**Student:** 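First the structure, which I've put down as structure tokens, then a few questions once you've had a look.
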Amino acid sequence: MSARAKRPQLRATSNSRVAEFRPSTNGFRFTNTFAADPVVTVRLPFTHWRIGQAANGLCGGMVFAARDYFEASRPVPDTATPPAHGTPLFRYLVRRLIAAFNLPDAVLRYLYWMLLPDEAVRRRTLERQWPGVRACIDAGHPCPLGLVTIRSWHPLDLRHNHVVLAYGYRIASGVLSVDVYDPNTAQSAAEDAHLEMPLTASPITHTIDLANPIRGFFQLRYRRREPPY
């Protein structure tokens, strides 16, 4: 389908929201601030490998886990402190973080979009990604979004990107506004996290707790997992 055929749908005035989902209740009480521990430790005879750095964040794991709990109609763990390395909840968040990368697909998309000019990223967001995100929310499911925040060729700069969970949207006066659960945002401001994108593919503005601008976003592939009690 051509971009021209999609524009009437993009410019329609509409809104939708996932019933019952609220970041202040369905999001984790703690924020994405973990201790400087390895994400994964691989133990071998006489040695071990430490992979990743939890201090860089587990946002993808928190987003996927939050949707897991919501889809299972169960409350998230009632703790305001990020789980310590090695605890069952920490290990679960790490497993869901790995799922959020959907190796190698999501990683390759992050890297490719990081190379593209800003306008190309924004147009891909509106014309290729937004219809799927919209359909997911309209069907009653929060939708994980991979946010591309940096332009770079270096793979280590992947850590500057981010993951949020979209649960509602409004389209009016030529502007798309998307409500999100942001693992970086404190619970006291959780209901206010959103991003706005003019349908002319102009720059995105947001209230998400990020140092870098949001260049664009794409839908992450989600497969439900049973969360731990």
Side-chain angles (χ1 to χ4, degrees), residues 1 5-29 32 58-78 89 92-93 95-102 105-106 109 124-148 162-173 175-185 187 189-197 199 204 206-208 214 216-229:
M1 184 180 292
K6 292 178 180 178
R7 285 173 185 164
Q9 179 189 24
L10 286 172
R11 295 185 178 181
T13 299
S14 61
N15 65 83
S16 183
R17 185 185 180 100
V18 177
E20 307 298 329
F21 186 91
R22 297 291 182 275
S24 56
T25 56
N26 299 108
F28 288 96
R29 312 289 183 265
N32 185 30
L58 304 180
C59 56
M62 292 177 66
V63 162
F64 271 48
R67 179 168 171 180
D68 288 342
Y69 278 102
F70 178 75
E71 299 285 0
S73 299
R74 287 165 47 192
V76 296
D78 188 17
L89 181 56
Y92 173 63
L93 293 178
R95 290 195 298 271
R96 300 310 277 147
L97 172 67
I98 295 171
F101 280 119
N102 190 29
D105 293 352
R109 179 167 290 175
R124 284 173 178 267
T125 297
L126 281 174
E127 297 173 3
R128 302 187 185 186
Q129 295 300 313
W130 170 244
V133 176
R134 179 177 184 169
C136 183
I137 296 173
D138 288 347
H141 301 287
C143 184
L145 304 181
L147 306 183
V148 179
H162 191 45
V163 180
V164 297
L165 189 62
Y167 64 91
Y169 68 86
R170 294 170 300 284
I171 302 175
S173 302
V175 176
L176 165 65
S177 179
V178 184
D179 297 318
V180 301
Y181 160 55
D182 171 33
N184 289 359
T185 298
Q187 192 178 28
E191 302 290 338
D192 298 326
H194 68 277
L195 57 87
E196 290 188 349
M197 184 176 191
L199 300 181
I204 297 173
H206 65 88
T207 60
I208 296 169
I214 297 174
F217 61 81
F218 58 86
Q219 182 178 5
L220 293 172
R221 183 179 182 183
Y222 169 84
R223 291 180 178 176
R224 179 178 171 180
R225 291 290 182 270
E226 187 68 17
Y229 283 94

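Model, not experiment: these values are computed from the prediction. Quick note: residue numbers are just sequence positions, from 1.
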**Student:** Can you confirm whether I208 sits close enough to V180 that some side-chain heavy atom of one is under 4.5 Å from a side-chain heavy atom of the other?
**Tutor:**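 Yes. Closest side-chain heavy atoms under 4.5 Å.
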**Student:** Quick one: side chain to side chain contact (heavy atoms under 4.5 Å, CB included) partners of A99, sequence neighbours excluded?
**Tutor:** F64, R96
**Student:** To the nearest 0.5 angstrom, please state how far the CG atom of D138 sits from the CG atom of N15.
**Tutor:** 9.5 Å
**Student:** Looking at E196 and S177, would you say the former's side chain and the latter's main chain have a donor-acceptor pair under 3.5 Å?
**Tutor:** no
**Student:** With side-chain contact (heavy atoms from CB on, under 4.5 Å) as the criterion, how do F218 and V148 come out once you've worked through the C-alpha distance, each side chain's angles and the decisive distance to 0.1 Å?
**Tutor:** CA-CA 8 Å; F218 58 86; V148 179; 3.9 Å; yes
**Student:** So V163 and L147, side-chain contact (heavy atoms from CB on, under 4.5 Å) or not? Walk me through it.
**Tutor:** CA-CA 6 Å; V163 180; L147 306 183; over 6 Å; no
**Student:** Is there a donor-acceptor contact under 3.5 Å from the side chain of Q129 to the main chain of Q219?
**Tutor:** yes
**Student:** Who pairs with T25 by side chain to side chain contact (heavy atoms under 4.5 Å, CB included), at least two apart in sequence or on another chain?
**Tutor:**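 Expected list: R22.
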**Student:** Tell me, do R221 and P144 make a side-chain contact under 4.5 Å, heavy atoms counted?
**Tutor:**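 No, every pair of side-chain atoms sits at 4.5 Å or beyond.
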**Student:** Which heavy atom of F28 sits nearest to which heavy atom of P77, and what is that distance?
**Tutor:**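 The pair with the smallest heavy-atom distance is CE2-CD, 3.7 Å.
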**Student:** Under the rule for side chain to side chain contact (heavy atoms under 4.5 Å, CB included), what residues qualify as partners of E71, not counting sequence neighbours?
**Tutor:** R67, H141, P142, Y222, R224
**Student:** Looking only at heavy atoms, what is the nearest atom pair of E20 and N26, with distance?
**Tutor:**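 The pair with the smallest heavy-atom distance is O-OD1, 3.2 Å.
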**Student:** Determine whether H162 and D182 satisfy the following criterion, side chain to side chain donor-acceptor pair (under 3.5 Å), listing intermediate values before the conclusion.
**Tutor:** CA-CA 9 Å; H162 191 45; D182 171 33; 2.7 Å; yes
**Student:** Looking only at heavy atoms, which two atoms of L220 and A106 are closest? And how far apart?
**Tutor:**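 Heavy atoms of L220 and A106 come nearest at CD2-CB, 4.0 Å.
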**Student:** Taking side chain as C-beta onward, heavy atoms only, is D179 less than 4.5 Å from L195?
**Tutor:** no
**Student:** Kindly indicate whether the side chain of V175, heavy atoms from C-beta on, has any atom under 4.5 Å from the side chain of L199.
**Tutor:** no
**Student:** Once salt bridge (charged side-chain N to carboxylate O under 4.0 Å, His left out) is applied, do any residues pair with R109, and if so which ones, sequence neighbours excluded?
**Tutor:**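 With neighbours one apart ignored, the set is empty.
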**Student:** Please report the shortest heavy-atom distance between I204 and I214, naming the atom on each side.
**Tutor:** CB-O, 3.6 Å
**Student:** Considering all heavy atoms of both residues, which atom of V76 and which atom of G27 are nearest to each other, and what is their separation?
**Tutor:** CG2-O, 3.4 Å
**Student:** Measuring from D192:CG to T185:OG1, what's the distance to the nearest 0.5 Å?
**Tutor:** 9.0 Å
**Student:** Taking only residues two or more places apart in sequence or in another chain, which ones pass salt bridge (charged side-chain N to carboxylate O under 4.0 Å, His left out) with R124?
**Tutor:**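 Partners of R124 under the salt bridge (charged side-chain N to carboxylate O under 4.0 Å, His left out) test: none.
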**Student:** Sequence neighbours left out, what passes salt bridge (charged side-chain N to carboxylate O under 4.0 Å, His left out) with R29? Give chain and number order.
**Tutor:** D78
**Student:** Y167: which residues meet the ring pair (Phe, Tyr, Trp, His ring centres under 6.0 Å) condition with it, sequence neighbours left out?
**Tutor:**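 Y167 satisfies ring pair (Phe, Tyr, Trp, His ring centres under 6.0 Å) with F21 only.
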**Student:** For a side-chain contact (heavy atoms from CB on, under 4.5 Å) check, start with the C-alpha distance between M62 and N32, then their side-chain angles and the critical distance, and finish with the verdict.
**Tutor:** CA-CA 8 Å; M62 292 177 66; N32 185 30; 3.9 Å; yes
**Student:** How long is the straight-line distance from CG of L165 back to SG of C59, given to the nearest 0.5 Å?
**Tutor:**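 The CG atom of L165 is 12.0 Å from SG of C59, to the nearest 0.5 Å.
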**Student:** So, Y69 side chain and P228 main chain: donor-acceptor pair closer than 3.5 Å or not?
**Tutor:** yes
**Student:** Kindly write out the residues that satisfy side-chain hydrogen bond (donor to acceptor under 3.5 Å, both in side chains) with H194, not counting sequence neighbours, or none if the list is empty.
**Tutor:**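 With neighbours one apart ignored, the set is T207.
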**Student:** Just by distance, with hydrogens left out, do R134 and S14 show a side-chain donor and acceptor under 3.5 Å apart?
**Tutor:**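 S14 and R134 do have a side-chain donor-acceptor pair below 3.5 Å.
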**Student:** Who are the salt bridge (charged side-chain N to carboxylate O under 4.0 Å, His left out) partners of R74, not counting sequence neighbours?
**Tutor:** E226
**Student:** How far apart are the closest heavy atoms of Q187 and S24, and which atoms are they?
**Tutor:**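 The answer is NE2-O, 2.6 Å.
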**Student:** Report the residues that fulfil side-chain hydrogen bond (donor to acceptor under 3.5 Å, both in side chains) with D105, sequence neighbours left out, ordered by chain and then residue number.
**Tutor:** none
**Student:** I want to check something: taking the side chain as every heavy atom from C-beta on, are W130 and I171 in contact at a cut-off of under 4.5 Å?
**Tutor:** yes
**Student:** Does a side-chain heavy-atom distance below 4.5 Å link V133 with Y169?
**Tutor:** no
